[in-house]
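These notes are about the structure you will find just below.
Start at 1 and go down the list; that is how both ligands and their atoms are numbered. Numbers here simply count residues along the sequence, with the first being 1.
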Amino acid sequence: MRILSGIQPTGRFHWGNYFGAIQQYIALQGDKEKAFYFIANLHALTTVRDPERMRQNVYDAALDLLGLGLDPEKATLFVQSDVPEVSQLTWLIMTVTPMGLLERCHAYKEKKARGLTADTGLFAYPVLMAADILIYDSNIVPVGEDQMQHIEVARDIAGSFNYLFGNVFVLPKGKVLDSSAKVPGTDGEKMSKSYGNTIECFEDLKVQRKKIMRITTDSRPMEESKDPEIDHLFQLYSNFATDSQREEMAALYRRGGFGYGQIKKELADVAEAYFADARKRREEFAAQPELVREILAQGAARARQKAAEVLLRAEIACGIK
Ligand code: ADP
Ligand code: TRP
């Protein structure tokens, strides 16, 4: 049984990434032979074109994940490009991937719809992702809803290769992370780097408070009763609150007679408390860069061992070894 997932190092992780993805990776860890998590720097190359920023992003992603609770004793953490076998497998499976399959994939389709020209890397992005998954004999791939299409592509590619060359690849299954966890951003839209509405997990606390105070709200009078379920401030609060805090807050909304400033202050307090331990842990790792590098090196060594075995199996099956 292998659980595998990857996350792109395109910037510091925000609340949406945490509640939508990272929290579940961490919940599924337990055995480092079973849980493989990697920092997808090869995928990020399709958008990050500044080498210094790329290096920094990868290191920051490792620190963020370790801070947030990814435990190197309970999961294998590595950087995608430290396993070159993945790129080798990408070519092999690309030869059995129909163009049409990739033309339907959303990242490419959306870019094309906006009249932009896409690089081959963006077009073939799902093939690299399929190689990531197939090369570790992954059974379960926990991802956000937006990545499910890519898991289906991986299954299709595995099926075609197996049909042509025998039983080489394990067919992976996607596991959608709790989809109720679509975290809104400071403007009420989905929190996303591309919308500039994020609050990072390890945001400077003063900046964090300022961002929270600027979260958009409606302008209905204070005394009016409000429906908590459709309010993005309430949704944000719910992610951090205990059940009883959440109930109390919902009751306050229904009663009315409160100001949004009061709720924002409470949100700032719970968010600060929620990530306090993670923040401390991140600082401890940040003070030991050698240790972080060692964790990534050991993770890559473990991942490579499995990757080499599966790559060889594929190479023998298709006749190039
Ligand atoms: P961004 O939209 O900021 O570029 P990514 O696309 O890199 O974020 O997302 C990385 C992971 O985090 C994906 O699995 C995605 O599903 C999840 N994710 C991102 N934003 C949110 C959000 N607002 N709510 C829930 N999950 C999210
Ligand atoms: N494409 C994924 C994302 O943007 C990241 C990713 C790359 C991934 N390779 C993967 C996720 C393999 C799961 C499995 O979020």
Side-chain angles (χ1 to χ4, degrees), residues 2-26 28 35-48 57-58 60-61 64-65 68 76 78-83 86-87 89-90 93 102 105-108 110 121-155 157-158 170 172-201 232 235-236 238-239 303 307:
R2 167 114 46 230
I3 299 165
L4 168 119
S5 200
I7 190 155
Q8 289 195 56
T10 44
R12 297 292 299 273
F13 297 133
H14 53 71
W15 293 357
N17 298 141
Y18 179 71
F19 291 108
I22 298 167
Q23 188 183 42
Q24 279 81 351
Y25 302 166
I26 291 168
L28 288 168
F36 276 22
Y37 299 123
F38 65 92
I39 300 166
N41 60 344
L42 295 176
H43 279 104
L45 258 185
T46 60
T47 51
V48 180
N57 280 1
V58 169
D60 279 335
D64 278 9
L65 291 170
L68 290 168
T76 291
F78 59 101
V79 178
Q80 185 182 30
S81 61
D82 285 343
V83 184
V86 167
S87 302
L89 184 65
T90 299
I93 60 177
L102 301 181
C105 286
H106 60 75
Y108 169 74
E110 279 157 24
L122 185 74
F123 184 67
Y125 179 114
V127 189
L128 176 60
M129 184 158 161
D132 284 328
I133 295 170
L134 301 177
I135 206 158
Y136 305 111
D137 283 343
S138 310
N139 307 95
I140 307 283
V141 187
V143 284
E145 180 75 48
D146 56 332
Q147 297 298 317
M148 277 308 271
Q149 183 186 39
H150 296 150
I151 315 284
E152 285 308 312
V153 169
R155 281 179 69 89
I157 295 176
V170 171
K173 277 210 186 71
K175 180 173 159 61
V176 184
L177 303 167
D178 184 4
S179 49
S180 64
K182 188 160 276 181
V183 181
T186 52
D187 56 358
E189 297 300 316
K190 180 189 174 199
M191 187 177 284
S192 170
K193 274 182 298 281
S194 21
Y195 303 152
N197 62 358
T198 62
I199 302 179
E200 292 164 7
C201 300
H232 55 268
Q235 284 165 14
L236 283 173
S238 298
N239 281 311

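- In the vicinity of Gly20, heavy-atom distances shorter than 4.0 Å reach the ligand 1 atoms 25 (C), 26 (N).
- The residue from Ile22, Thr10, Asp146 that puts a heavy atom closest to atom 13 (C) of ligand 1 is Asp146.
- In the displayed structure, Lys193 atom NZ is contacted under 6.0 Å by more than 12 heavy atoms of other residues, nucleotides or ligands.
- For Val141 against Ile151, the heavy-atom pair with the smallest separation is CG1-CD1, 3.5 Å.
- Close approach to Ser192 involves these atoms of ligand 1, each under 4.0 Å from a residue heavy atom: 1 (P), 2 (O), 3 (O).
- Compare Tyr125, Phe36, Tyr37 by their heavy atoms: the one nearest to atom 1 (N) of ligand 2 is in Tyr125.
- Scanning the protein heavy atoms around atom 6 (C) of ligand 2, the nearest turns out to be Gly6 O, 3.8 Å.
- Gln235 places no side-chain N or O within donor-acceptor distance of the main-chain N or O of Pro184, the cut-off being under 3.5 Å.
- Annotation: atom 2 (C) of ligand 2 to nearest protein heavy atom, Gln147 OE1, 3.3 Å.
- For ligand 1, the polar-atom distance check against Gly16 finds a nitrogen or oxygen pair separated by under 3.5 Å.
- The atoms of ligand 2 that sit less than 4.0 Å from any heavy atom of Val141 are 13 (C), 14 (C).
- Contacts of Asp146 with ligand 2, taken as heavy-atom pairs under 4.0 Å, are absent altogether.
- Judged by distance alone, with hydrogens and angles left aside, the side-chain atoms of Ser5 form no donor-acceptor pair with the main-chain N or O of Val143 at under 3.5 Å.
- Considering both main-chain and side-chain atoms, Glu145 never comes within under 3.5 Å of ligand 1 through any nitrogen or oxygen pair.
- Annotation for ligand 2: atoms under 4.0 Å from non-hydrogen atoms of Val143 are 13 (C).
- Near Lys193, meaning under 4.0 Å from any of its heavy atoms, are these atoms of ligand 1: 1 (P), 3 (O), 4 (O), 7 (O), 8 (O).
- Distances below 4.0 Å separate heavy atoms of Asp132 from the following atoms of ligand 2: 7 (C), 9 (N), 10 (C), 12 (C).
- Between the side chain of Asn197 and the backbone N or O of Ser192, at least one donor-acceptor pair lies under 3.5 Å.
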**Request:** Check the pair Gln80 / Leu128 against side-chain contact (heavy atoms from CB on, under 4.5 Å), numbers first and verdict last.
**Result:** CA-CA 10 Å; Gln80 185 182 30; Leu128 176 60; 3.9 Å; yes
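- Minimum heavy-atom separation, Tyr125 to His150: CE2-CE1, 3.9 Å.
- Each of the atoms 9 (N), 10 (C), 12 (C) of ligand 2 lies under 4.0 Å from some heavy atom of Phe38.
- Here the closest non-hydrogen pair linking Leu28 and Ile3 is O-CD1, 3.9 Å.
- Near His43, with a cut-off below 4.0 Å to any heavy atom, the atoms of ligand 2 are 7 (C), 9 (N).
- The minimum heavy-atom distance linking Val58 with Asn41 is given by the pair CG2-CB, 3.8 Å.
- The distance from ligand 1 to the heavy atoms of Lys190 drops below 4.0 Å at these ligand atoms: 20 (N), 21 (C), 22 (C), 23 (N).
- For His150, no heavy-atom contact with ligand 2 is shorter than 4.0 Å.
- Residue Val183 places at least one N or O, backbone or side chain, under 3.5 Å from an N or O of ligand 1.
- For Gln8, a nitrogen or oxygen atom sits less than 3.5 Å from a nitrogen or oxygen atom of ligand 2, counting backbone and side chain alike.
- In Ile133, the part holding a heavy atom less than 4.0 Å from any atom of ligand 2 is the side chain.
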**Request:** List the steps, then state whether side-chain contact (heavy atoms from CB on, under 4.5 Å) holds for Tyr37 with Leu65.
**Result:** CA-CA 10 Å; Tyr37 299 123; Leu65 291 170; 6.0 Å; no
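- Annotation: His14 places an N or O atom under 3.5 Å from an N or O atom of ligand 1; distance criterion only.
- Both the backbone and the side chain of Met191 come within 4.0 Å of ligand 1, judged by heavy-atom distances.
- Of all heavy-atom pairs spanning Thr198 and His14, the tightest one is CG2-CD2, 3.5 Å.
- Each of Asn17, Ile22, Leu68 was checked for a side chain to side chain contact (heavy atoms under 4.5 Å, CB included) with Cys201, and the lone residue meeting it is Leu68.
- Ring-centre distance between Tyr25 and Phe13: not below the 6.0 Å cut-off.
- A pairwise comparison of heavy atoms in Ala131 and Ile93 identifies N-CD1, 3.6 Å as the closest pair.
- For ligand 1, the atoms closer than 4.0 angstrom to any heavy atom of Lys182 are 24 (N), 25 (C).
- Residue Ser5 has no nitrogen or oxygen atom sitting less than 3.5 Å from a nitrogen or oxygen atom of ligand 2, judged on distance alone.
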